[in-house]
Amino acid sequence: MKLSTKVAVIGAGHAGIEAALAAARMGVDTVLFTISLEAIANMPCNPSIGGTAKGHLVYEIDALGGEMGRAADAVTLQSRTLNLGKGAAVHSKRVQADRKRYQAYMKAVLEKTPHLRLIQAEIVTIGKNESGQVCSVTTHLGEEWDCDCVIVAAGTYLESRIFVGGVNYESGPDGFLPSRGLSASLAALGVTLRRFKTGTPARINRRSVDHSKLEVQDGEEHALPYAADTPEGYLDGKEQLPCHIVYTNAETHRIIRENLSRSAMYGGHIHGTGPRYCPSIEDKVVRFADKERHQLFLEPMGADTDELYLQGFSTSMPTDVQAKMLHTLPGFEHAEMMRYAYAIEYDCCDPTQLTATLEFRDIGGLFGAGQFNGTSGYEEAAAQGLLAGINAARRVKGEAPVILPRASSYLGTLVDDLIIKGTNEPYRMMTSRSEYRLLLRQDNADARLTPIGHEVGLIDEAHYTAFLQKQANIEAEIARLRATHLSPARVNPFLETFGQPPVASGVSLADLLRRPGIDYEALSALDDQRPSLTKREVLSAEVQIKYEGYINRQMGEVSRHEKLEARMLPSTLDYQKITGLRLEAAQKLSAVRPATVGQASRISGVSPADISVLLIYLGIR
């Protein structure tokens with residue numbers, strides 16, 4: 001029997017799911033392979049979706065037509081918006097998700113999607129034809145599938161190994177089988193692999209914790225959803241499960257220091273590089289020796305389980321030390337561990353081998369997504385999977401690829417960072433990574449990306465019509481606020497209540513909205529003609545008016561940089577022959593092969609003077 005498909009996706013984690021759904025929804029025959037159907041959409045680390053910058057990515061996934069936002073909304077246990085004390089650019093939604101319900105939701109969506117087959121099988125080899133294009137995948141059972149494109153979304157499964165103190169063994173996350181053999185096949189294709197490490201804390205039985213000794217962290221009222229088609233009041237009237245806060249102490253740190261040699265990481269057992277921005281508790285104690293305590297969050301794993309997740313307490317200590325550490329925490333004196341903490345090592349690729357489409361530069365039809373590309377986090381993985389799935393489908397259909405510039409999205413920033421700068425540790429998205437973060441807010445993700453999602457076929461006409469109406473409502477309200485002027489006699493009593501100086505002449509509602517401490521809701525006392533708008537529409541209109549000056553400044557920066565981004569570099573350009581280009585720059589440019597002058601300018605080791613030389617050379621060729 002001849003087996004074939006157009007797109008083969010390897011791995012059904014967060015990257016693989018979005019990749020497979022995107023390709024299938026674009027009408028391309030797709031097969032999603034997973035070592036275990038029980039591992040679909042697994043959350044081996046924290047049971048949450050979103051967070052600082054990660055929430056932005058979830059909104060962007062939804063804007064492009066992905067599934068993560070809808071799934072997160074459907075299984076939300078608690079929702080909070082982080083950084084509300086700061087500017088709108090860094091406001092980030094984060095939800096506690098019901099881990100098992102999230103898995104069930106995603107599995108059901110995959111099973112019901114046309115053009116998509118879901119198969120439990122381990123892929124051990126990827127075939128390549130004489131022209132250097134991938135042409136097949138082979139399972140551990142010997143089945144060979146012909147295909148046009150392969151998307152590797154293997155997560156942390158490639159030759160993965162678990163470490164707990166001095167004990168280590170082959171295993172995928174959460175006790176699932178590792179992927180054996182695929183790494184060798186990828187290396188044979190020419191993929192450069194490296195070894196990364198991550199970890200996770202123990203899971204605690206709820207009934208063994210004295211919650212009266214912990215700080216309560218409740219969810220927010222009237223939380224806005226991730227997905228555009230989720231009703232705004234999706235959590236209204238629903239009970240949100242609380243999280244709790246606890247702190248380490250001197251005794252916790254003493255036990256950790258006395259047992260550092262027994263840690264798999266400090267004992268020399270682990271050779272992979274771990275994430276700098278999500279370190280183990282022993283790493284925190286060593287690196288931040290001056291800190292007397294570290295904050296930990298106790299989070300629910302689901303509505304129907306007593307398992308709790310202790311965020312910030314990941315470790316590779318042996319089990320007896322884990323118990324001693326845990327029992328030093330207030331309220332955890334008698335805590336029972338249901339799952340021990342562990343560290344995990346795995347293979348991943350060097351992402352500088354990829355193009356902005358997430359296709360390997362020298363291996364046609366082979367795409368990478370998620371932790372296989374050297375990233376960390378469910379949201380980063382899902383966003384990459386979506387982009388890889390879109391571009392694999394468009395390659396099959398003979399259509400132009402989708403390339404997202406840095407100024408378009410956090411996803412565009414993420415991809416650009418990976419393929420141009422590379423990463424020496426698991427990459428984590430943060431708002432500080434974007435120079436355009438005021439333009440890349442959560443509230444305008446749809447304005448930035450939904451037209452692209454519609455163009456590629458992931459946003460249907462009904463949703464696109466609703467999107468266009470939303471944008472029209474926002475623009476109309478901004479225009480109305482600018483055009484509505486009020487007299488000093490009416491405005492000054494209002495300003496006095498806010499401790500604001502009076503005005504001597506008429507002032508617009510937009511001018512009032514820009515004043516510190518005055519928001520759209522407060523203006524209702526002066527504005528009895530306002531239209532009926534959704535909370536999302538109000539939020540976008542308010543932010544655009546309040547930050548108009550800063551937004552215009554950043555848009556000017558984007559325009560200036562677009563000239564460099566538009567100047568394409570020939571793929572066959574011999575940098576060694578460019579007179580005046582420094583040797584280091586020529587070597588870096590030859591290795592990375594940037595597609596544009598803008599990308600070249602962001603390569604470490606390439607100076608502004610080198611870019612000037614490059615521009616002069618391009619101008620006289």
Side-chain angles (χ1 to χ4, degrees), residues 52 55-56 59 79-94 217-225 232-233 235-236 431-432 434-448 469-558:
T52 302
H56 292 70
Y59 278 103
S79 178
R80 296 181 67 241
T81 301
L82 309 182
N83 302 320
L84 283 176
K86 301 179 181 179
V90 296
H91 293 174
S92 301
K93 180 181 172 69
R94 181 182 190 269
Q217 187 180 60
D218 291 317
E220 64 185 340
E221 293 185 4
H222 312 304
L224 290 175
E232 285 191 346
L235 288 181
D236 292 353
T431 53
S432 60
S434 173
E435 62 272 40
Y436 306 120
R437 54 186 171 273
L438 191 51
L439 302 180
L440 308 182
R441 307 181 309 276
Q442 289 187 155
D443 69 272
N444 70 348
D446 55 349
R448 293 183 277 114
Q469 185 60 59
K470 175 189 173 185
Q471 300 309 307
N473 291 345
I474 293 168
E475 292 303 317
E477 181 61 356
I478 291 173
R480 188 188 71 85
L481 292 169
R482 288 172 177 164
T484 304
H485 289 75
L486 304 176
S487 66
R490 188 173 181 192
V491 169
N492 286 336
F494 172 81
L495 290 176
E496 186 178 355
T497 64
F498 285 89
Q500 298 270 354
V503 296
S505 60
V507 63
S508 71
L509 289 174
D511 289 334
L512 291 173
L513 189 54
R514 292 189 187 97
R515 292 200 173 205
I518 297 179
D519 58 19
Y520 186 86
E521 180 59 32
L523 281 182
S524 62
L526 297 174
D527 184 15
D528 54 7
Q529 299 297 317
R530 58 176 47 186
S532 177
L533 298 175
T534 67
K535 292 178 183 177
R536 288 181 259 212
E537 291 166 348
V538 167
L539 177 61
S540 286
E542 182 174 9
V543 169
Q544 288 185 55
I545 287 176
K546 272 189 173 294
Y547 296 94
E548 183 178 26
Y550 298 102
I551 290 172
N552 289 339
R553 190 181 307 168
Q554 283 206 345
M555 290 180 69
E557 293 174 7
V558 172

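Position 1 is the first residue of the sequence; numbering continues from there.
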Notebook entry, point to check: Could you give the distance from CD (Gln469) to CD1 (Ile474), rounded to the nearest 0.5 Å?
Noted result: 10.5 Å
Check: Between Ser92 and Asn83, which heavy-atom pair has the shortest distance, and what is it?
Finding: OG-ND2, 4.4 Å
Check: Any chance CZ of Phe498 has more than 12 other-residue heavy atoms, nucleotides or ligands included, within less than 6.0 Å?
Finding: yes
Notebook entry, point to check: Rounded to the nearest 0.5 Å, what separation is found between the CG atom of Leu523 and the CG atom of Leu486?
Noted result: 9.0 Å
Notebook entry, point to check: After noting the C-alpha distance and the side-chain angles of Arg514 and Asp511, does the key distance pass the side-chain contact (heavy atoms from CB on, under 4.5 Å) rule?
Noted result: CA-CA 5 Å; Arg514 292 189 187 97; Asp511 289 334; 2.7 Å; yes
Next item on the list: Indicate yes or no: at least one non-hydrogen side-chain atom of Arg530 is less than 4.5 angstrom from one of Leu509.
Entry: no
Note to self: As an exercise, state the distance from OG of Ser540 to CG of Leu533, rounded to the nearest 0.5 Å.
What the structure shows: 10.5 Å
Check: Got a sec: does the NZ of Lys86 have more than 12 other heavy atoms crowding it under 6.0 Å?
Finding: no
Next item on the list: Looking only at non-hydrogen atoms, find the nearest pair between Pro493 and Pro488 and report the distance.
Entry: CD-O, 4.2 Å
Item checked: Main-chain N/O of Glu521 paired with Ser524 side-chain donor or acceptor, under 3.5 Å -> yes
Margin query: In the structure I gave you, are the side-chain heavy atoms of Gln544 and Glu475 within less than 4.5 Å of one another anywhere?
Written below: yes
Checklist line | Candidate pair Asn492 and Glu496, rule side chain to side chain donor-acceptor pair (under 3.5 Å), full reasoning | finding: CA-CA 6 Å; Asn492 286 336; Glu496 186 178 355; over 6 Å; no
Item checked: Those residues that, when tested against Arg480, pass salt bridge (Lys or Arg N to Asp or Glu O under 4.0 Å) (two or more places apart) -> Glu477, Asp527
Note to self: Give me the atom names and distance for the closest heavy-atom approach of Leu513 to Asp519.
What the structure shows: CD1-C, 3.5 Å
Notebook entry, point to check: Between Tyr520 and Glu542, which heavy-atom pair has the shortest distance, and what is it?
Noted result: N-OE2, 3.2 Å
Item checked: Side-chain donor/acceptor of His91 to backbone N/O of Ala89, under 3.5 Å -> no
Notebook entry, point to check: With side chains defined as the heavy atoms from C-beta onward, is the minimum distance between Ile518 and Phe494 less than 4.5 Å?
Noted result: yes
Item checked: Flag side-chain contact, heavy atom, 4.5 Å: Leu481 against Leu512 -> no
Checklist line | Main-chain N/O of Thr81 paired to Glu220 side chain as donor or acceptor, under 3.5 Å | finding: yes
Note to self: If you define the side chain from C-beta out and look only at heavy atoms, does anything of Arg515 sit under 4.5 Å from Pro501?
What the structure shows: yes
Note to self: Just verifying a value: how many Å separate Asp446 CG and Arg448 CZ, rounded to the nearest 0.5 Å?
What the structure shows: 8.5 Å
Checklist line | For Glu435 against Glu557, the heavy-atom pair lying closest together | finding: O-OE1, 4.4 Å
Check: With distance as the sole test, does Gln500 use its side chain to make a donor-acceptor pair with the main-chain N or O of Pro516 at under 3.5 Å?
Finding: yes
Margin query: Could you go through Val90 and Thr52, starting from their C-alpha distance and side-chain angles, then the distance that decides it, and tell me whether this counts as side-chain contact (heavy atoms from CB on, under 4.5 Å)?
Written below: CA-CA 7 Å; Val90 296; Thr52 302; 5.8 Å; no
Note to self: side-chain contact (heavy atoms from CB on, under 4.5 Å) for Leu539 and Leu224? Distances and angles first, verdict last.
What the structure shows: CA-CA 10 Å; Leu539 177 61; Leu224 290 175; 4.2 Å; yes
Note to self: Do Arg441 and Ile551 have side chains that approach each other closer than 4.5 Å (heavy atoms only, starting at C-beta)?
What the structure shows: yes
Next item on the list: Can you see which heavy atom on Ala223 is nearest to which on Leu235, and at what distance?
Entry: CB-CD1, 4.1 Å
Margin query: Determine whether a donor-acceptor pair (N or O, by modelled atom type, separation under 3.5 Å) exists between the side chain of Arg437 and the backbone of Ser434.
Written below: yes
Notebook entry, point to check: What residues form a salt bridge (Lys or Arg N to Asp or Glu O under 4.0 Å) with Glu232, not counting sequence neighbours?
Noted result: Arg536
Next item on the list: Check whether any side-chain heavy atom of Val558 lies under 4.5 Å from a side-chain heavy atom of Gln554, and answer yes or no.
Entry: no
Checklist line | Pairwise side-chain contact, Leu440 with His56, heavy-atom cut-off 4.5 Å (strictly under) | finding: no
